[in-house]
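For reference, the structure is listed below as structure tokens.
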Amino acid sequence: MMWIPVVILIIIALLIVVSSIKIVPQAHAYVIERLGAYQGTWSVGFHVKVPVIDKVAKKVILKEQVVDFAPQPVITKDNVTMRIDTVVFYQITDPKLYCYGVQNPIMAIENLTATTLRNIIGELELDESLTSREIINAKMRSTLDVATDPWGIKVNRVELKNIIPPAAIQDAMEKQMKAERERRESILIAEGEKRSAILIAEGHKESAILDAEADKEAMILRAEAAREAKIREAEGEAQAILKIQQANADGIRFLREAGADEAVLRIKSLEAFEKAADGKATKIIIPSEIQGLAGLAKSVVETVKDE
């Protein structure tokens, strides 16, 4: 039975060796202390510590972390008390400083955030506080980053999650927003009516212009039609006169070619005189030659009667 203590010792030794083996996962770091003093920082990988003498003092997460702080009461420059809760995005850059720089880093960041927020909001009025989130975020990030640097912490971003003004202020803001919306609605309605009236007036104007242009075109077409009709009528009369004159000329030429004597010509003249005296004229001037022809005609009639 002498081998039992030996086995126990071997098992204990194995347990001590196994407990001395440490594997640091990705995005982590281990702070090692030897006999209570800082020994070193283990990064990712396989490590072996001295049994009993070395110990892992703190396991640090190197990934970016988010902490949401409860709403903090702040007072604006115009003495309005409101509550603001913030969200801080931070990352541990130095595990040694994070482990030994401050007792409770998260509480320290929370208190530092509250005091910084009160200082910044105290310089702004209520309306500026509600509309200047980007400016407040940038100032807080810059201040916290500088203050947390000795703690091995880097503040990447600070966001104002909620800004909660007093109930009376909220009610007044809602009434103001309602009045502003009603004012904008009235302006939009007025602009719409104005635009509608302008469009209607422009439509009437364009309609009147088109009607006037149509009347003008119609008058021009009627005038051109009347002018064309007169031209055609005049051309027709001219052609008729030309044909009459041509017929007369052809008749005279025919008489001349046929060898008609003066008696035939005088008869033709009498026929022309008969047409002239068909009762349409009130006064007729008879040439002396026609009067002689009339006497000749009377003599011929009397001779015919005697026979």
Side-chain angles (χ1 to χ4, degrees), residues 27 61-93 98 102 104-207:
I61 299 175
L62 301 180
K63 295 183 292 184
E64 185 176 21
Q65 303 179 60
V66 182
V67 58
D68 187 359
F69 298 128
Q72 300 292 328
V74 295
I75 301 175
T76 62
K77 186 177 181 180
D78 50 354
N79 296 322
V80 177
T81 302
M82 57 185 181
R83 299 173 65 83
I84 301 177
D85 58 338
T86 55
V87 178
V88 178
F89 298 80
Y90 71 95
Q91 187 174 11
I92 299 172
T93 57
Y98 178 74
V102 65
N104 192 334
I106 302 302
M107 183 180 294
I109 293 175
E110 181 178 5
N111 292 328
L112 183 61
T113 301
T115 55
T116 304
L117 183 61
R118 290 190 180 99
N119 292 335
I120 295 174
I121 296 298
E123 299 176 354
L124 302 174
E125 295 183 353
L126 176 62
D127 293 338
E128 293 177 334
S129 301
L130 296 174
T131 59
S132 304
R133 290 199 178 200
E134 294 296 331
I135 298 175
I136 297 173
N137 294 339
K139 288 183 178 180
M140 289 188 62
R141 192 207 66 79
S142 177
T143 303
L144 291 177
D145 191 30
V146 174
T148 57
D149 190 61
W151 305 340
I153 299 174
K154 177 177 177 57
V155 177
N156 296 327
R157 191 164 66 255
V158 179
E159 297 289 343
L160 300 184
K161 186 177 180 180
N162 290 313
I163 299 178
I164 308 172
I169 300 297
Q170 289 184 2
D171 184 58
M173 292 171 59
E174 290 177 358
K175 291 181 179 179
Q176 181 181 2
M177 292 174 61
K178 181 179 179 181
E180 181 66 19
R181 287 194 295 268
E182 291 177 352
R183 184 184 67 84
R184 292 180 180 177
E185 181 181 4
S186 300
I187 292 174
L188 291 175
I189 292 174
E191 289 180 350
E193 292 177 351
K194 175 183 176 183
R195 184 61 180 169
S196 176
I198 291 174
L199 292 175
I200 292 173
E202 290 180 351
H204 290 164
K205 176 183 176 182
E206 292 179 358
S207 177

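Model, not experiment: these values are computed from the prediction.
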* **By side chain to side chain donor-acceptor pair (under 3.5 Å) - contacts of Arg183 (at least two apart)** => Glu180
* Structure fact -> Rounded to the nearest 0.5 Å, the CG atom of Leu124 sits from the OG1 atom of Thr76 at a distance of 8.5 Å
* Asked: Would you call Lys154 and Thr148 a side-chain contact if the rule is heavy atoms closer than 4.5 Å?
  -> no
Side-chain polar contacts of residues 185-193 - donor-acceptor pairs under 3.5 angstrom, sequence neighbours left out - could you list them?
{"unit_1": "Ser186", "atom_1": "OG", "unit_2": "Glu182", "atom_2": "O", "d": "3.0"}

* Structure fact -> Nearest heavy-atom contact between Met82 and Leu126 is SD-CD1, 3.8 Å
* Asked: Going through the distances and angles, do Thr86 and Asn137 end up as a side-chain contact (heavy atoms from CB on, under 4.5 Å)?
  -> CA-CA 9 Å; Thr86 55; Asn137 294 339; over 6 Å; no
* To do: Would you give the length of the straight line joining atom CD1 of Ile121 to atom OG of Ser132, rounded to the nearest 0.5 angstrom?
  => 8.5 Å
* Within a strict 4.5 Å, meaning less than it, do heavy atoms of the Ile163 and Ser129 side chains meet? -> no
* Scan residues 105-128 for pairs that pass side chain to side chain donor-acceptor pair (under 3.5 Å), counting only residues two or more places apart or in two chains. => none
* Could you give me the CA-CA distance, side-chain angles and deciding distance for Leu117 and Val158, then say whether side-chain contact (heavy atoms from CB on, under 4.5 Å) is met? => CA-CA 11 Å; Leu117 183 61; Val158 179; over 6 Å; no
* For Asn156, what residues pass the side chain to side chain donor-acceptor pair (under 3.5 Å) criterion, not counting sequence neighbours? -> Glu64
* Structure fact -> Quick note, salt bridge (Lys or Arg N to Asp or Glu O under 4.0 Å) partners involving residues 67-86, not counting sequence neighbours, are Asp68-Lys161
* Structure fact -> Here the gap from Ile120 atom CD1 to Leu160 atom CG, rounded to the nearest 0.5 Å, amounts to 8.5 Å
* Asked: Among all residues two or more places apart in sequence or in another chain, which pass the side chain to side chain donor-acceptor pair (under 3.5 Å) test with Tyr98?
  -> none
* Gln176, CD: over 12 other non-hydrogen atoms inside 6.0 angstrom -> no
* **Those residues that, when tested against Ile61, pass side chain to side chain contact (heavy atoms under 4.5 Å, CB included) (two or more places apart)** => His28, Lys63, Gln65
* Asked: Is the count of non-hydrogen atoms from other residues, nucleotides or ligands lying under 6.0 Å from Ile135 atom CD1 greater than 12?
  -> no
* **Minimum heavy-atom distance between Thr93 and Ile153, given as atom pair plus value** => OG1-N, 4.2 Å
* **For Asp149, all residues meeting side chain to side chain donor-acceptor pair (under 3.5 Å), sequence neighbours excluded** => none
* **Atom pair CD1/OH of Ile106 and Tyr90 - distance to nearest 0.5 Å** => 3.0 Å
* Who are the salt bridge (charged side-chain N to carboxylate O under 4.0 Å, His left out) partners of Lys175, not counting sequence neighbours? -> Asp171
* To do: Evaluate side-chain contact (heavy atoms from CB on, under 4.5 Å) for Met140 paired with Val155, printing each intermediate quantity in order.
  => CA-CA 10 Å; Met140 289 188 62; Val155 177; over 6 Å; no
* Rounded to the nearest 0.5 Å, how far does NZ of Lys205 lie from CD1 of Ile198? -> 12.0 Å
* To do: Give a yes or no on this: more than 12 heavy atoms of other residues, nucleotides or ligands lie within 6.0 Å of atom CD1 of Ile164.
  => yes
